[in-house]
Structure formats: structure tokens, C-alpha cells
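Read through the structure below, which is laid out as C-alpha cells, and then see the notes.
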Amino acid sequence: MSEERINIKDVTPKVKPKYTNVGADNHIYVRNMTGVFQRLRKYMGWFFMVLFLALPLFQWDGHQAILLNIAEQRIHIFALTIFPQDLMLLALLLIVGAFALFFITAYLGRVWCGFMCPQTIWTFIFIWFEEKIEGSANKRLKLNQGPVTTDKVKKKALKHSAWLSVSVITGLAFMAYFVPVFELYTDFFTLQASGNVYFWVLFFAFCTYGNAGWMRSIMCTHMCPYARFQSAMFDTDTLIVGYDFNRGESRGPRSRKADHKAKGLGDCIDCNLCVQVCPAGIDIRDGLQYECINCGACIDACDQTMERMNYPKGLIRYTSENELNNKPHEKSRFKLIGYGVIMTLMTIMFVVSVVSISPVQMDIIRDRNALYRENSDGNIENTYTLKIINKTSFTQKYSLSVTDVPDHEWFGPREIEVLPGELLVQPVSLAIDPFDLKQPVIKINFVITEQGNDHYVFTQQSRFISKL
Ligand code: SF4
Ligand code: SF4
């Protein structure tokens, strides 16, 4: 049997592989970039970082200005103290925050993600350390692909130590919003803190290290719910980072002096700088993608290329889909106005609720076992349990009284002292001569007066029941 070989011709189309900054290890090698938006992001990142670290250090009226004290069930936000009874305020605040985010997203796209989101801020801090220790994106790629050497181990150890230090500082600073800050820092470093505190600090440190060091854009694209539903707020007039396809195509390399238009080329020289700097690992020239966090790094990169080529800047720019398609750009849209109106209304509701919040609360529970009883003097007696909550941050003395009631005897203390945030349960009884009672049920009012502040009076209605 003769061996015949079949001639095979390779007909695979010679398509240039798509450029990407995602390595074979699925890691995104972000090239460092400077420019207007990178400076803006850096300054904003610093501002929010300093704010995050410094806010728990402020004191207000003898307590930590911002403290979510879970153990004592109260939240301090400067002059405002929220108890579980006022959680509605927190819900309102969250609704205001949500509508502010909807409004900003509909108007300015994902600027929150690009400039204010902690995930972005911490990721760029971690990339900064990576760049300083391991070098540029290319060097990092080579280092990761290369063999294990002493230099590689040293660099990796240094980088991870830096990341872990930032993570522990972050975990501690975050815990300072839940545990009084000075107590936390001294106890933590003198190894006197509770196991719970060590657990949570290390848990948040681990989350920071994992999210900003390893997960990065995976967090934004696969885990963040905002990334998923933000497209519902977008419309064709929302500000996006967009590539001017009409101006840029067809793309291709050329010399600076060449008349590219005569060659049928657009302004994109296909330098791939916009892809190299993208922390999301995408090519914005493929159109709007949900991975894009609107950080503007590709704008800075492309503007530098345009400047070098003596072309006008803005081939990639903050724009809208309508503007890119030469359609009129509508600034005031129904959706935007709707979000703005709801946000304003909710803000007004929140402010009104804060202003009218009562510093003391009283609930009255009537004795369920006996509606009334006749005492040894022949008077009708009703028993009540007063539940009084001092919602201020100070110990308060209150006077108790009752109004809209005929001549009566009061059994129970007339003055009480309630600690900050304490719920005091105080039984009291009222006895009335039956000849003074004209109806079987009369409406009465229990009154709390803050001692030393006669202007502040809190009234709560109840009933006095007799056998008539
Ligand atoms: S495409 Fe541009 S704006 Fe979007 S994430 Fe990448 S670099 Fe940032
Ligand atoms: S940076 Fe600008 S010129 Fe370079 S590839 Fe991107 S869009 Fe084209």
C-alpha cells in the first residue's frame, strides 16, 4: 500500500489579533497615564480617602461625630442621634442617596464608578504600589510570565506587604465607624481589643486586599448590582465616554506628516494607548460597554496621541450617544426631571423629619389584667406602664404629670432620671373619686417636661376607664 500525502493549504484568514491589555493569566495590566481626568480622579481619591480616615476622629457634643454604635443601638451623625425607633430617618436618607445616584447616573453616566466609588479609589491605590514596586505594565507582565527568581520573590513580597498594610489600615478605619475610635486604636495595638474587633478588622482588610488587589474589574462587572441596573437609567443623552467613530475610522498607522485623509484614514492611528490604560480591560472603540466605569483614562491617553499628531483633541471624549450620531442633545429630559423631583421631595421629607424629631418618646400601656379597680378609699384606680426613651446623648431629668383629668391621686414618682438612649419602664396609677367622673371613659394626657427646659413638653394621650 503506497503512502500518499494530501497537500493541505492553510486558508486561515490573516486577521490581526485584537489588541488587549488582559494577560494570559486574565490579569489586566493597566498602563499608567497622566492627564486632566487622571489628576481629577487622583485629587478626588485623596479627598475621599482623607475624609474616610479623618471623619471618625471628630467629636461632637461629647461623643464621636459619626458612630454606628450597634452595641448601644444608636447612630450618631453629628447633632443627630438615631435610635431604633427612628430608623425611618435612615431609610429616608438611603432613599435620598439612591435617587441622587439615579439622577447623577441619568445625567453624567457612571461618574460615581470612575471617580468616587471606593472600589475604583482603592484599585488605583493598589495599582500605584504595583507600578512603583514592579514597574510599568510591560515589566509587570514579563515579571509574572518569567521564572521565579530572588528579585521576583522580593518584589512580590514587598508589593503584597504594601497591599496588606493598606488593607489593615482600611479595615481599622472602617471599624472606627462602629467602635469608638480612640478605644479601638489603643486596644487594637496593645492587643487588648476583643476577638470580635480583631475578626471584623481582619475581615474588612481581607475584603479590601481581595477586591482591590485581585478581583478589581471582576467586582465591577460581575458582583456590583449598580453595574447591572445602571443601564436602566441611561438614555441617548446621558454623558458617556465615547469614541467618535465617524471621525476615527478607518483607523490605521501613518506618519505624522502624511495626509491621512487623502489615504482614506480617519484620526485614529491605532496606537492602542486607550486600551493599554483601561482598568476595565476593554476597547472603547467597540462602542459603549457595561464594563466601562467612565474613568476617563482613555480620554487622557487619546488626547496625548492627538496632541502628538497635531490633530484636534476629543476623538474619545465625554459625550452622549445623540451627540456622537449628530443628533440634538436634550439636557432636560423627563427621566432626569423625574429623578430630580423625587430626590428633592425626599430631601425635604428627610429635613422635616430631622427637625421634628422628638428628643424623648413615651409609649403608654394600660394594665391589661384590670381595666380599673376600686381601691380601699373607694376611688377608681387605673394603672399604666409608661415607657420613656431618652433619645438625647445626655442624662435627662423629667417631671411627669397628667392633664385633662378631674381631681386625682398620683401613685408613682413625679420625677425620673433617664440615661442617654435608655428605655425606662415606669408603672404609675391614677385614682379619681367616682363622684367626679361624669363618663365611663375619659381622655387624659400624660405630660413629660424636661427639667431646666420648661419649653420642652411631650404629651401622649391615654384613657381613664371607670365602671360608670
Ligand atoms: S473605556 Fe475608558 S473610561 Fe471606560 S473604563 Fe476604560 S479607560 Fe475608563
Ligand atoms: S488612543 Fe486614540 S488614536 Fe490611539 S488607538 Fe485609541 S482611539 Fe485610536
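Predicted model, so just to flag it, every value in this text is computed and none were measured. Whatever order the structure lists ligands and atoms in, that order sets their numbers, starting from 1.
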- Specify the protein heavy atom at minimum distance from atom 3 (S) of ligand 2: its residue, its atom name, and the distance to 0.1 Å. Ile269 N, 3.5 Å

- Pull out every atom of ligand 2 sitting under 4.0 Å from any heavy atom of Asn272, numbered as shown with elements. 4 (Fe), 5 (S)

- Which residue and non-hydrogen atom of the protein lie closest to atom 8 (Fe) of ligand 1, and at what distance in Å? Cys295 SG, 2.3 Å

- Query: For atom 4 (Fe) of ligand 1, what is the nearest protein heavy atom, given as residue, atom name and distance?
  - Reply: Cys292 SG, 2.4 Å

- Message: Which of the numbered atoms in ligand 2 are under 4.0 angstrom from any heavy atom belonging to Ile316?
- Response: 7 (S)

- Got a sec: is Cys302 within less than 2.8 Å of atom 6 (Fe) of ligand 2 via an N/O/S atom? no

- Looking only at protein heavy atoms, which one is nearest to atom 5 (S) of ligand 1, and how far off is it? Ile293 N, 3.4 Å

- Would you mind checking if Glu321 and Lys327 are paired as a salt bridge, meaning a charged N to carboxylate O distance below 4.0 Å? no

- Query: Between Tyr185 and Phe182, does the ring centroid distance fall short of 6.0 Å?
  - Reply: no

- Item | NZ/NE/NH1/NH2 to OD/OE distance under 4.0 Å, Lys139 and Glu134 | no

- Message: Quick check against the 3.5 Å criterion: does Gln119 have a side-chain atom that pairs as donor or acceptor with the backbone of Asn211?
- Response: yes

- To which protein heavy atom is atom 6 (Fe) of ligand 1 closest, and what is the distance rounded to 0.1 Å? Cys278 SG, 2.3 Å

- Ion pair present between Asp151 and Lys155, side-chain N to carboxylate O less than 4.0 angstrom? yes

- Query: Which pair of non-hydrogen atoms, one from Ala176 and one from Leu67, has the smallest distance, and what is that distance?
  - Reply: O-CD1, 4.1 Å

- Query: For ligand 2, is any non-hydrogen atom under 4.0 Å from Ile284's backbone (N, CA, C, O), its side chain (CB onward), both, or neither?
  - Reply: neither

- Message: List ligand 2 atoms under 4.0 Å from Met306, heavy atoms only on the residue side.
- Response: 3 (S)

- Item | Metal check, atom 8 (Fe) of ligand 2 vs Cys268 N/O/S, cut-off below 2.8 Å | yes

- Query: So, does Met309 sit close enough to ligand 2 that a heavy atom of it is under 4.0 Å from the ligand?
  - Reply: no

- Query: Considering only the protein, which heavy-atom contact is closest to atom 2 (Fe) of ligand 1, and what is its distance?
  - Reply: Cys298 SG, 2.3 Å

- Item | ligand 2 contact on Arg285 by region, counting heavy-atom pairs under 4.0 Å | side chain

- Task: Quick one: closest heavy-atom pair of Ser167 and Phe126, and the distance?
- Result: OG-CZ, 3.6 Å

- Query: Is the centre of the Tyr43 ring less than 6.0 Å from the centre of the Trp46 ring?
  - Reply: no

- Query: Against heavy atoms of Cys274, which atoms of ligand 2 measure under 4.0 Å?
  - Reply: 1 (S), 5 (S), 6 (Fe), 7 (S)

- Query: Any salt bridge between Asp270 and Arg285, counting N to O under 4.0 Å?
  - Reply: yes

- Judged by atom type as modelled, is there a donor-acceptor pair below 3.5 Å linking the side chain of Arg254 to the main-chain atoms of Lys263? no

- Could you tell me which atoms of ligand 1, counted from 1 in the order shown, lie closer than 4.0 angstrom to a heavy atom of Gly296? 3 (S), 8 (Fe)

